Every structure is written in structure tokens, then in C-alpha cells.
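Taking it in order: structure first as C-alpha cells, then the write-up.
On a predicted model such as this, the values are computed, not experimentally measured, just so you know.
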Amino acid sequence: MASKRIVKCPNCGVFNTNREYCKNCNTLISHQKKRELKKQAVAQQEIEKVIYEKENPNLAERLKNHSNIFYRIFGWILYSVITIVSLIGAGLAWLIAMVAAG
């Protein structure tokens, strides 16, 4: 036997029995449905973020794939400089953490 759920609509105050939407104002009142919709929205945002990052690469990536050889060389140089600076920064952070740890 199914349980009886009575939920008060936060919008109009009408009590609803075993409904996902209010019978008076059609406002969503089901907590399970709200969670499902929020989960779907978060998943869709993640998909849109990945698509955006895939379609809009950074400057170095765009230059590495350019049709002009000079831009392509400059893109590889820029990419290499960014990589080396990141490695130096990571090494310094590791060194500082090791010195601080004792």
C-alpha cells in the first residue's frame, strides 16, 4: 500500500496529496523531482563547459594549429614557455612546502 504524502504549496498555500505539482498554481512541490531537475541542470552545465572548452581553445593551442608556419612556430614557443614557467612554479612550491615541513 502506497503512503499518502500531503504537501503544502510554498507559493499559494494549498495542500496537495500525492502530487508533484500544485493543483492550484502548478508550482513544483516534489522534493525528489526538484533534486532530479537540479541534477540534470548540473550535468547539462558540465557538458556545456566541456563543449565550450573544446570549441574555444586558448591562444597557444590555436597558434599551434594555425595554417601559417610562423604562427605555428610562435605557438609552440609560447606553449613551451608556459610549460617551463609552470614547472618552475610547481618546483618552487614543492621546495617551499618541504622546507616548511621541516
Side-chain angles (χ1 to χ4, degrees):
M1 192 164 144
S3 64
K4 192 173 187 182
R5 280 187 332 127
I6 300 175
V7 180
K8 182 179 177 183
C9 177
N11 192 28
C12 65
V14 172
F15 287 96
N16 297 278
T17 304
N18 294 336
R19 299 186 70 137
E20 291 182 348
Y21 292 91
C22 177
K23 62 184 173 188
N24 188 33
C25 65
N26 206 27
T27 301
L28 180 62
I29 57 175
S30 172
H31 294 292
Q32 292 87 5
K33 187 79 166 175
K34 285 180 184 179
R35 267 190 245 121
E36 290 173 10
L37 291 175
K38 187 173 182 178
K39 187 177 179 182
Q40 289 175 354
V42 169
Q44 185 61 32
Q45 286 177 346
E46 291 294 323
I47 290 170
E48 290 173 0
K49 181 180 175 185
V50 168
I51 290 172
Y52 178 79
E53 289 175 358
K54 184 79 171 166
E55 291 177 350
N56 299 308
N58 61 18
L59 177 64
E61 293 294 328
R62 286 194 312 250
L63 288 176
K64 282 181 4 181
N65 297 323
H66 200 276
S67 60
N68 189 334
I69 188 71
F70 296 113
Y71 287 131
R72 194 176 305 152
I73 292 170
F74 181 71
W76 277 105
I77 292 171
L78 182 64
Y79 179 77
S80 300
V81 167
I82 291 170
T83 304
I84 291 171
V85 169
S86 297
L87 287 172
I88 291 171
L92 285 174
W94 176 82
L95 181 66
I96 292 171
M98 291 300 111
V99 169

- Do any N or O atoms from the side chain of Arg5 and from the backbone of Thr17 form a donor-acceptor pair under 3.5 angstrom? no

- Note on the structure: Quick note, ring pair (Phe, Tyr, Trp, His ring centres under 6.0 Å) partners involving residues 32-70, not counting sequence neighbours, are His66-Tyr71

- Could you pull out all residues at least two apart from Asn26 that satisfy side chain to side chain contact (heavy atoms under 4.5 Å, CB included)? Tyr21

- Task: To the nearest 0.5 angstrom, please state how far the CG atom of Leu28 sits from the CD atom of Glu20.
- Result: 7.5 Å

Which atom pairs, one a donor and one an acceptor, fall under 3.5 Å between side chains of residues 76-94 and the rest of the protein, sequence neighbours left out?
residue, atom, partner, partner atom, Å
Ser80, OG, Trp76, O, 2.8
Thr83, OG1, Tyr79, O, 2.8
Ser86, OG, Ile82, O, 2.9

- Can you run down the salt bridge (Lys or Arg N to Asp or Glu O under 4.0 Å) pairs that involve residues 84-102, sequence neighbours left out, and say none if there aren't any? none

- Item | Partner set under side chain to side chain contact (heavy atoms under 4.5 Å, CB included) for Ile51, not counting sequence neighbours | Ile47, Glu55

- Any donor and acceptor pair, going by atom type alone, linking the side chain of Asn16 with main-chain N or O of Lys23 inside 3.5 Å? yes

- Under the salt bridge (charged side-chain N to carboxylate O under 4.0 Å, His left out) test, residues paired with Glu61 that sit two or more places apart: Lys64

- Minimal heavy-atom distance between Cys9 and Thr27, with the atoms involved, is SG-CB, 4.1 Å

Please tabulate, for the side chains in residues 31-44, all donor-acceptor contacts under 3.5 angstrom to protein atoms that are two or more places apart in sequence or on a different chain.
residue, atom, partner, partner atom, Å
Gln32, OE1, Ser30, OG, 3.4
Gln44, NE2, Glu48, OE2, 3.4

- Residues passing the side chain to side chain donor-acceptor pair (under 3.5 Å) test with Asn65, sequence neighbours excluded, are none

- Message: Can you tell me how far apart CZ (Phe74) and CG (Leu63) are? Round to the nearest 0.5 Å.
- Response: 6.5 Å

- Item | Connected-component partners of Ile96 among ILVMFWY, side-chain separation under 4.5 Å | none

